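Below: one structure, written as structure tokens.
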Amino acid sequence: MLNKRSVLLLLLAVQSVFAEVPIKPVPSERLSSHNFIENQLPIAEQTHEVINVPDTSFVLISQMSNSVLLKAQVDTHGAIQQLGAFEMENSTAALHGLAHSQRYPGKIWLTLQKANKLVLIDPKTDSAQTTPEVVQEIMVPTPGNGPHYVGEYGDELWVTLQDSSEVLRISHVNTSDYTIYTAQPRPIFIAQHPLNNMFYTGQDNSASIMKIDPTTGVTTQIAIPADAGKTPVGMITGPNGIWFTLLGDETSGTGTIGHIHADDTVTYHKLTSPLGINAALLHLAFDLDHANTHALWLLSSSIINTNALDTIIRVSFDEQWQTIKNEDVMAMPTQQCKAHRVLITPSNVFATELTSSKLLSFYTTNL
Ligand SMILES: *[C@@H]1O[C@H](CO)[C@@H](O)[C@H](O)[C@H]1NC(C)=O
Ligand SMILES: *[C@@H]1O[C@H](CO)[C@@H](O)[C@H](O)[C@H]1NC(C)=O
């Protein structure tokens, strides 16, 4: 005689023998995964710029508040393996800008903003601990003061003098050959237009960009309309022109990128994604493969607006670089770090964090 429980078990057993819930493999492709490495650096009040040493596994980082140059050897994911730290001149010299030399491959130009000097160094990449060597030293001519950005263009260096609001052109092979251009407060970066060869500098305390014609010495100001935004900071040469970011002010970002065409007209591209639209855009760099990817990387920063998110943003354009097709916003793991500079390498994206003494590496994997 079967009791109730036995009947139930019997029924379940019969059911499982005849179960027809089908299970089958389905496609399992995924979009790429995002990976972040937060490299802690020696503590400094302000960590500023980062540059790679071409054809090596080294990156250099400037810590301005104590004038320390960090030499970091990184793996292919941007994780620091070895690190050396070197005070440049003295603790108040204010090491700031870093730039590649083409004339002296592997050498790096740097600025000592308070010591008012431009210095070419051999970073010495046999080991992270080897002390870099000075190759050439150039005093900024008076009345120039406070070099921030330096860039090498053939025999010449172009330099923003942040503290005297001027731009310096100086020959590094004949330092008596120089010109100082008066700017509005305060020139930050300089870039040379790929089509008209003029030099442009963004003045972050003026809603204006200065154009310099190096052959005539004539300077002109290109005003930034208030509805586009304000505070031009990051400025680089790129496809079909000069590209720059507008940071905004203490209370709001702009989410706006500018593109200066050969005739000085400017197209403003506004981000539209929820985290992009008000991004406080400080710096930018083109994808190394931008001819194919049409991608531009941006850094949004809490540097002047503590409510702004610190993010890395990848935008991709159409083939004519006229319209933004896609925006991908990645929040940096440490917020309120005043994200400062972005550097693209073949395998990863670096970002410096000004106040948290970190070098962030971001990379994607497709597994
Ligand atoms: C650093 O060097 C400058 C000269 O370039 C000097 O005026 C200054 O006093 C020095 N500062 C320190 C802390 O040694
Ligand atoms: C260096 O530049 C100065 C100023 O332009 C010029 O007078 C001088 O002839 C130049 N020297 C050489 C060796 O070219």
Side-chain angles (χ1 to χ4, degrees), residues 41-49 51 60-71 83-99 101-105 107-124 129-183 186-188 190 192 197-201 210-219 354-355 357:
L41 304 171
I43 298 293
E45 217 174 285
Q46 292 187 5
T47 300
H48 278 251
E49 314 238 333
I51 195 170
L60 306 181
I61 302 140
S62 64
Q63 295 191 308
M64 187 181 178
S65 43
N66 52 358
S67 200
V68 166
L69 181 75
L70 302 177
K71 236 175 87 175
L83 184 137
F86 306 92
E87 185 180 273
M88 306 302 279
E89 174 126 14
N90 67 26
S91 63
T92 60
L95 169 68
H96 199 172
L98 300 170
S101 173
Q102 310 294 333
R103 177 59 60 91
Y104 309 102
K107 311 282 190 292
I108 302 288
W109 289 102
L110 53 87
T111 60
L112 298 177
Q113 190 162 335
K114 296 297 173 205
N116 215 20
K117 284 178 188 165
L118 314 172
V119 184
L120 181 69
I121 62 159
D122 179 344
K124 294 283 174 193
Q129 274 69 40
T130 310
T131 305
E133 278 175 11
V134 173
V135 178
Q136 190 181 356
E137 205 173 301
I138 301 173
M139 261 325 273
V140 169
T142 51
N145 189 32
H148 168 206
Y149 164 91
V150 60
E152 183 197 86
Y153 301 84
D155 283 352
E156 298 188 331
L157 302 178
W158 283 77
V159 183
T160 51
L161 302 175
Q162 196 176 346
D163 301 328
S164 60
S165 288
E166 295 167 318
V167 168
L168 169 68
R169 176 206 64 83
I170 189 164
S171 162
H172 58 81
V173 293
N174 173 8
T175 55
S176 315
D177 176 9
Y178 68 87
T179 314
I180 293 180
Y181 300 93
T182 303
R186 288 175 319 183
I188 302 295
I190 298 175
Q192 185 177 27
N197 300 319
M198 301 289 134
F199 286 83
Y200 294 79
T201 184
M210 185 167 84
K211 173 193 178 186
I212 303 169
D213 181 337
T215 53
T216 63
V218 172
T219 64
L354 187 125
T355 54
S357 308

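Each ligand, and each atom within it, is numbered from 1 in the order the structure gives. Here the structure is a predicted model, which means the values were calculated and not measured. Note: hydrogens, waters and symmetry copies are ignored here, and every other heavy atom, side chains too, is used.
Side-chain contact check for S171 and E156: no donor-acceptor pair (N or O, by modelled atom type) lies under 3.5 Å.
Side-chain N or O atoms of S91 include none that pairs as donor or acceptor with a backbone N or O of N66 at under 3.5 Å.
Among residues at least two apart or in separate chains, salt bridge (charged side-chain N to carboxylate O under 4.0 Å, His left out) pairs with a member in residues 136-152 are K117-E137.
Considering backbone and side-chain atoms together, N90 places an N or O closer than 3.5 Å to an N or O of ligand 1. Between T92 and ligand 1, at least one N/O pair is under 3.5 Å apart.
Applying the ring-ring contact (aromatic ring centres under 6.0 Å, His included) test to Y181 and every residue at least two apart in sequence or in another chain returns W158. Legend: residues meeting side-chain hydrogen bond (donor to acceptor under 3.5 Å, both in side chains) with R186, ordered by chain and number and at least two apart, are D204.
Note on ring orientation: taking the six-membered ring where Trp is involved, the planes of H48 and H96 are perpendicular (angle over 60°, cut-offs 30° and 60°).
When every heavy atom of L70 is checked against every heavy atom of A85, the shortest pair comes out as CD2-CB, 3.5 Å.
Using a 4.0 Å cutoff on heavy atoms, E89 counts as a contact of ligand 1.
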For ligand 2, list every N/O pair with the protein closer than 3.5 Å, one pair per line with the distance.
from	atom 1	to	atom 2	distance (Å)
ligand 2	2 (O)	N174	OD1	3.4
ligand 2	2 (O)	N174	ND2	2.3
ligand 2	11 (N)	N174	ND2	2.8

